[in-house]
Amino acid sequence: MMKKITTICMLLVAFVGSAALAQQNSKAEFKFEKETHDFGQVPQNQPVSYEFTFTNVGTEPIIISEVKPSCGCSVAEFTKTPVKPGETGSIKVTYDAKVKQPFTKNFTVRSNTKTPVKTLYIKGEVTG
């Protein structure tokens, strides 16, 4: 019984290790034009959008699985099809500027790239 448990544990460790290694060896890679956008002053109750563009500088297609905003006041749309090496894709983010205050929001991008979790930022100040 102990031998079976040890074998199962070793297989589990090997599987998790190889999955992590495969992720690190991914040949897909983002190159964003910029990773932070400053809107400056924006009028209250006027949603603002920005489109982050990227190029695949790797050798395999980039597949974005999720772009998650840090709050319910923001949404993101992104390229759903694989982005081939040398091609470009985009992530369009929109912030609903309802509250009069400075803001900094982030968007967590999950993909099959060498860096599987990337964060993009927007900031600005909502004015009256």
Side-chain angles (χ1 to χ4, degrees):
M1 179 68 174
M2 191 63 157
K3 192 173 183 178
K4 277 186 179 179
I5 292 172
T6 303
T7 303
I8 290 171
C9 286
M10 288 175 61
L11 287 172
L12 185 61
V13 167
F15 176 75
V16 170
S18 65
L21 189 59
Q23 192 71 43
Q24 286 177 341
N25 290 334
S26 174
K27 304 286 195 255
E29 189 58 40
F30 285 120
K31 180 170 180 18
F32 281 90
E33 285 183 9
K34 64 184 195 176
E35 296 178 19
T36 300
H37 177 72
D38 187 346
F39 286 105
Q41 292 189 339
V42 298
Q44 188 175 12
N45 295 318
Q46 295 290 318
V48 289
S49 297
Y50 181 75
E51 193 164 331
F52 290 96
T53 57
F54 62 88
T55 302
N56 181 352
V57 295
T59 57
E60 293 179 8
I62 291 175
I63 300 168
I64 299 173
S65 56
E66 175 185 40
V67 179
K68 187 174 183 178
S70 60
C71 72
C73 57
S74 302
V75 294
E77 301 171 35
F78 56 93
T79 302
K80 304 273 195 293
T81 56
V83 178
K84 296 177 184 169
E87 292 185 351
T88 60
S90 65
I91 299 171
K92 180 182 176 186
V93 300
T94 302
Y95 173 68
D96 192 4
K98 287 196 183 297
V99 181
K100 205 166 132 178
Q101 67 183 11
F103 66 90
T104 300
K105 303 296 175 189
N106 65 55
F107 298 82
T108 304
V109 181
R110 296 187 188 283
S111 67
N112 67 326
T113 58
K114 191 190 299 187
T115 308
V117 179
K118 186 90 161 155
T119 306
L120 303 173
Y121 300 90
I122 59 169
K123 61 184 179 176
E125 182 177 3
V126 179
T127 60

Measure the [atom1]-[atom2] distance between [X] and [Y] for me, rounded to the nearest 0.5 Å.
X	Y	atom1	atom2	answer
Gln44	Glu125	CD	CD	11.5 Å
Thr53	Phe30	OG1	CZ	12.0 Å
Glu51	His37	CD	NE2	11.5 Å
Asn56	Glu87	CG	CD	8.5 Å
Asp96	Lys105	CG	NZ	11.0 Å
Ile62	Lys31	CD1	NZ	12.0 Å

Min side-chain heavy-atom separation Ile64-Ile91 under 4.5 Å: yes

Check whether any side-chain heavy atom of Ile122 sits under 4.5 Å from a side-chain heavy atom of Phe39, and report yes or no. yes

Keeping [X] on the side-chain end and [Y] on the backbone end, is there a donor-acceptor pair under 3.5 Å?
X	Y	result
Asn106	Thr119	no
Asn112	Ser65	no
Thr113	Thr115	yes

Is there a side-chain contact (heavy atoms from CB on, under 4.5 Å) between Phe78 and Val93 once you walk through the steps? CA-CA 9 Å; Phe78 56 93; Val93 300; over 6 Å; no

What verdict does the side-chain contact (heavy atoms from CB on, under 4.5 Å) test give for Glu35 and Lys118, after you've listed the backbone C-alpha separation in whole Å, the side-chain angles of each residue and the deciding distance to 0.1 Å? CA-CA 9 Å; Glu35 296 178 19; Lys118 186 90 161 155; 3.1 Å; yes

[X] and [Y]: which non-hydrogen atoms are nearest, and at how many Å?
X	Y	value
Thr55	Gly86	CG2-O, 4.0 Å
Pro43	Ala97	O-CB, 4.0 Å
Phe107	Val75	CE2-O, 3.8 Å
Val126	Val99	CB-O, 3.1 Å
Ala28	Pro61	CB-O, 3.5 Å

Give every residue pair that meets the side-chain hydrogen bond (donor to acceptor under 3.5 Å, both in side chains) criterion with at least one member in residues 69-85, sequence neighbours excluded. none

If you count heavy atoms of other groups shown closer than 6.0 angstrom to NZ of Lys34, is the number above 12? yes

Is it true that, when you exclude Lys92 itself, more than 12 heavy atoms of the residues, nucleotides or ligands shown sit nearer than 6.0 Å to its NZ? no

Do you see a donor-acceptor pair shorter than 3.5 Å between the side chains of Thr127 and Gln41? no

With hydrophobic residues grouped by side-chain heavy-atom distances under 4.5 Å, do Val67 and Phe103 end up in a single group? yes

Hydrophobic clustering (ILVMFWY, side-chain heavy atoms < 4.5 Å, transitive) - are Leu120 and Val48 grouped together? yes

Where at least one partner belongs to residues 57-105, residue pairs that pass disulfide (SG to SG under 2.5 Å), sequence neighbours excluded: Cys71-Cys73

Salt bridge or not between Lys27 and Glu60? Use side-chain N to carboxylate O under 4.0 Å. no

What do you reckon, are the aromatic ring centroids of Phe52 and Tyr50 less than 6.0 Å apart? yes

